[in-house]
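Everything on this sheet refers to the single structure shown next.
Sequence lines set the chain letters: A, B, ... in the order given, protein chains first and strands last, and positions in each chain run from 1.
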Amino acid sequence: MTRELSKTYDPSGVEPRLYAWWEQRGFFHAEPDGREPFCIVIPLPNVTGSLHVGHALDHSIQDALIRWQRMRGANAMWQPGTDHAGIATQNVVERQLAAEGLSRHDVGREAFLERVWAWREQSGGLILRQMRRLGASCDWAREAFTLDEPRSRAVREVFCSLYEQGLVYRGNRIINWCPRCRTALSDIEVDHADEAGELAYLRYPGSDGGPGVVVATTRVETMLGDTAVAIHPDDERWAPLVGTSVSLPLMERQIPVVADDAVDPAFGTGAVKVTPAHDPNDYDIAQRHGLDVVDVMTDGATISANGGAYEGLERFEARRRIKDDLAALGLLVRVEPRTHPVGHCSRCGTVVEPRLSDQWFVKVGPLAEAAAGAVRDGRTRFVPERNAKGFLDWLEHLHDWCISRQIWWGHRIPAWYDDDGGVHVLRVDPTSEEVAARGLRRDPDVLDTWFSSALWPFSTLGWPDDTPELRTWYPTSVLVTGYDINTFWVSRMLMMGLHFMDDVPFETVLNHGLVRDRHGKKMSKSFGNVIDPLELIDRYGADALRFALLRASVPGLDVPLAEEWVEGGRRFANKLWNAARFVLLKLGDVTPAAGLPPADTLQLEDRWVLSRLAATRAAVDEALAAYDLSRAARALYHFVWDEYCDWYLELAKLREDRAARQVLAHVLDVAVRLLHPIAPFVTEEIWRALTVADDDTSLMRSAWPALGSGHPDPDAEAQMQALQEAVTELRRFRADHALAPSDRIDVVAVADEASRAVLAAGVDGISRLAGVGQWTFAAGSPQQEAVGKLVVSGAELFVPLSGLVDLEQECDRLRRELERARAELGRARGKLANPGFVAKAPQQVVQAERDKTVGWQATIDKLTAQLDELGC
RNA sequence: GGGCUCGUAGCUCAGUGGGAGAGCGCUCGCCUCACACGCGAGAGGUCACAGGUUCAAAACCUGUCGAGCCCACCA
C-alpha cells in the first residue's frame, strides 16, 4: 500500500476496484453467531426494474446503517432480493407480445410463463448489479426471489395454514375489477382521484302508474342491474312507497322499494337505486333484503347479456346511450355537474369497476388487530413517530384483503375443485393420477404479489424451517422504506410476522421521504426532471451521491435533489482526500497505531481538535442511533471541513513535532471511520493509505470509534475560540483595507492577564493565519498617531497604519463596529430593563446579560476613543 | 369528508423556549508550499399572517391564509 495519493480524488478509478475487493473478500457476508444481531431486509425491488434515485436514497440509508452496525461489532446482515411483481411484470411481457400482434391467450399459459421467466433471466437482477455501483454491502450469497423455490414453499405453507385457520376463505363479494388487466385488485391497488362527472337524476315510475321515485347516480349504466330502490326508514317523503314496487325503465323490470339505514336522506333525492352486483353498499343492502343480484358487466367492462338491448356496448358508451334513451322517455329529470372520486387501477390507470366476483380473501380482522397492538405497545415503532398514527387509523378501517388475481405470473393458488363443487386446499400438488381419479381442477388464479412479499422478513431467513438464520436475525432490526408503502407492505409484514413467527418482523420502521427535484417537485418522465443515479455516480462518484442524499434525508420528509448538491458531495470527498494527502506528507513513519502522545506534549490546538472530535463522535453516534443520517452527515461535514481542515491543519503546518503527527493521524483515522458508513469508498482508500493496510485489512472490518473515550476539553475550546476571534478580526481588518496576502501587519496587543497568556501561546499560529509580521505585547496603547484598533474579548489589538491602509476606510470600519456594539448593548439593556426578566429568568441567564452589557460598553468606549484619536 | 406534513437568506433546507444557521447562488480579494472540486472577507432574513401562553416565542397553543401528500364504497 503506497502512502502517496493523487492530487484530486478520482472515484471512477477507486470505487470499482474497492467494491470488487470487498465482495471477493467476503466482507459483506454474515453467518449466524453469538454476537449482537443486526439485520435489514431490503424493500424488495421489482425483478425487472432498474435503479432510480428513490432506490439510491433507500439503499444509501440501509447501507449506512449496516456498515455502521458492522463496525460496531454487530453481526450485521443486509438481505438482498427481488420481487416477481405479478401484474407489473406480466403487463410488460404482455406489451412485448402485443408488439408481435399476440395476446397471452394466443400463446397459452405454459408458453407465456416461459416467456416471462426468459425475460426475467435477461433483465432480472439488473437493479442488484446497479446497487453495487452505489456501494451497497448486501450479503449477496443470500439473494432471494419471491418466486424461487424456498419462498414458494413458504407461500404455500402460509396460504394453507391460514385456510385451515379460517383466515383465508373463498367468497362471492364486491371487489375492484380492472377491465384492462382483467383481474381483481385489492383496495390499495386502486388509486382514487376526484374527477369531473355528472350526477344524473332518473325517474323510476311506479308500477301502479304513479310518479314513482327519482334516484340520483353518477354511473347511469349500472341502472341496468338495479334490483331495488332504497330509502331511509325515517324519510317521510318516500315512506308511502315502501313495500310497493317501481318500474325499472328500459329493462321493464318491476323492482321493490325498501327501507334501509344505509341510505343518507340528505343526498340527492333521498332515494337510492340499488345495484347489488356493482356497488358494495348496494350489495350489503341486497343481502339484508334478499334482493336479486344482476351482473350487467363482462370482464372487459362491456355490457353483458343481462343488459338487454345494450349488450356489447362499452360501459361509457352505454352510459351515454342510456342517458339519451331515458331523456327521450322523459325519465331523465336533470343532470348536475359533479366532481366525484373515481378509482383507477394503480398499474394501468384504467377506471376500476366494482363488481361481484368469486375470489379468495384474507380475513384481516384478527391479523390487523395484532399488528395494531404491536405498534401501540411499541414492539414496532415508527421513525418519525407520527407515522404510526396514520398507520393505526388505516389498520382500523381495513376490509378483507382480496388476494386472488386472474393473471398467470405469480404463486398459483394451491386449491383444487372437484366436480361436486368441493374445494381442496393442498400443501402438496396432487399427482396426475389423483387429479384424474378425483376429477380435480386446479384454481387458475395466482396470489397478489404482496402476499409473498408479506413473508419476506422470515421467508428469506429459511422459514418454515427452524434455521439458525431465523433464530439469529428475526425479528429484523429496522425496515427502511418510503412512507408510501407503509400500507401496502409494512402492514402485511406485521400481520404475517406476528401470526407465523409470534413476533414482530422488525423493531423499527424508518420512513424516509420521496426524492424530488430541486424545487421539491415530484420526478416524472413527463416533467423531464428525472435524475439518473447511475449517471450521477459516473460523473461525481457514489460517495458524492450518497452524501448528497443522506445529508438531505431528514426522517419522514421528502428529499430534494439537484446536481449541484451532488457536486457538493464530490467536493467534500475531494476535500477529505486532500486533507489526507497533507496529513500523509506530514506523517513520516507515524501511523494511527502510534496512538495519542502523552498529554503533557499536547499543544492547545491538539487539545482543541481532540475535544471537537469527541463532540463530533458523540453527535454522530446520537444521530445514527436516532436514524438521523442527515444530522450525522452534517456534523461530520462541519468537523472535517470547518474545524479539522480550516483550523487544525493550518496550525499543524507550523509543527514538526511527533505529537502533532500523532494527533493528525489519530484524528484523520477516527474521522474516516465515522464517515465510512456515509462515504465508504473514499474513506476506505484513505484509511488503507493511512494505516498502511495489507490486502486482508479493510476499514469495513475496523472498529467503530468507542463512545465515551473522548477528550472533551472546555478550557481548550474556550482558549482556541479566543485565538480564532483574534485571527478573524485581523483578517477582517485586512479585507477591509484590501491588503495583499503578502503584506504583513504588525500588532501591538494590550491584554488582561489571562488573555495575554493565551495569545502569547498562540502568537505563531495567529501570525501565520492572519499575516502578522511583528507581534508585541504592551501595557498600554502605543504612542503612534495612526493606529487601527481591534477589540476582541480580553484584549485590544493595535495595528500601526503604516501607509498600508487608508485612514478613511479605517474610520468607516470603526464606525461599523461601533454601530454593531451599540445594537448589541441596546438589546441586552432592553432585557435587563424588564423587571419580569430579572425576577423570573434563571440566574445565570440574567448574569449572562449583565456581563454582556459590561462587555459591550467597554467595546463602545474603546471604539469611541479610537475614533477620536484618529480624528474621524 | 377525515388525517398528516410544510411555509426561516435569491434557491433547497437545518434549527424547536434565552444573542437568526448551512449548502448552492451572489459580491470583493487571492493559483498562500493538501485541495481553484480551493482560501479569505462580505452582502442578503418584520423566521407566512393574526391572536394567545411566558420574564422571554422562529420554536408552545388557537385561528387564518398558502403549498403539498395520504386515506375515503356518500349513490
Checklist entry - Using a cut-off of 4.0 Å on non-hydrogen atoms, how would the nucleic acid contact of A:P560 be classed: base, sugar-phosphate, or nothing? => result sugar-phosphate
Next on the checklist: Check the orientation of A:Y637 and A:F572. Use parallel for under 30°, tilted for 30 to 60°, and perpendicular for over 60°.
Outcome noted: tilted
Next on the checklist: Would you measure the distance from the P atom in B:A14 across to the matching atom in B:A75 and give it in whole Å?
Outcome noted: 38 Å
Next on the checklist: Heavy atoms only, 4.0 Å cut-off, all strands: where does A:A839 land among base, sugar-phosphate and nothing?
Outcome noted: nothing
Next on the checklist: What contact category does A:L199 fall into here, base, sugar-phosphate, or nothing, at under 4.0 angstrom with non-hydrogen atoms?
Outcome noted: nothing
Checklist entry - What does A:V554 touch in the nucleic acid at a heavy-atom separation under 4.0 angstrom: a base, only the sugar-phosphate, or nothing? => result sugar-phosphate
Checklist entry - Checking all strands, does A:R338 fall into the base, sugar-phosphate, or nothing category for heavy-atom contacts under 4.0 angstrom? => result sugar-phosphate
Checklist entry - Which of the following nucleotides, B:C73, B:C35, B:A41, is nearest to the side chain of A:A735? => result B:A41
Next on the checklist: Under 3.5 Å for both donor-acceptor distances, Watson-Crick or wobble: does B:G29 have a partner, and if so which one?
Outcome noted: B:C39
Next on the checklist: What's A:E824 touching, base or sugar-phosphate or nothing? Going by heavy atoms closer than 4.0 Å.
Outcome noted: base
Next on the checklist: Regarding A:R551, tell me which of base, sugar-phosphate or nothing describes its non-hydrogen contacts under 4.0 Å with the strands shown.
Outcome noted: sugar-phosphate
Next on the checklist: Please report the distance separating the P of B:U8 from the corresponding atom of B:G68, rounded so that it comes out in whole Å.
Outcome noted: 15 Å
Item to check | P atoms of B:G51 and B:C69, separation to the nearest Å | outcome: 32 Å
Checklist outcome for this item: Heavy-atom contacts, protein to nucleotides 53-62 of chain B, under 4.0 Å, summarised as B (base), S (sugar-phosphate only) or - (none) per nt, yield --B-------
Next on the checklist: Ring-plane angle category for A:F391 and A:F382, please: parallel below 30°, perpendicular beyond 60°, tilted otherwise.
Outcome noted: tilted
Checklist entry - Do A:E650 and B:A34 have a side chain to base donor-acceptor pair shorter than 3.5 Å? => result yes
Checklist entry - So what does A:H638 hit on the nucleic acid, given a heavy-atom distance under 4.0 Å: a base, only sugar-phosphate, or nothing? => result nothing
Checklist entry - Touch check for A:R731, heavy atoms < 4.0 angstrom, all strands: base, sugar-phosphate only, or nothing? => result sugar-phosphate
Checklist entry - Which part of the nucleic acid does A:K7 contact within heavy-atom distance under 4.0 Å: base, sugar-phosphate only, or nothing? => result sugar-phosphate
Checklist entry - Is NZ or CZ of A:R570 both nearer than 6.0 Å to the six-membered ring centre of A:Y540 and within 45° of the ring axis? => result no
Checklist entry - Which base sits across from B:G21 as a Watson-Crick or G-U pair, both distances under 3.5 Å? => result B:C13
Checklist entry - Hey, does A:W641 reach any base, or is it just sugar-phosphate, or nothing, if we go heavy atoms under 4.0 Å? => result sugar-phosphate
Next on the checklist: Using OP1 and OP2 only, check whether a side-chain N or O of A:H278 sits under 4.0 Å from B:A75.
Outcome noted: no
Checklist entry - Hey, does the side chain of A:R827 come within less than 4.0 Å of B:A20's phosphate (OP1/OP2), counting only N and O? => result yes
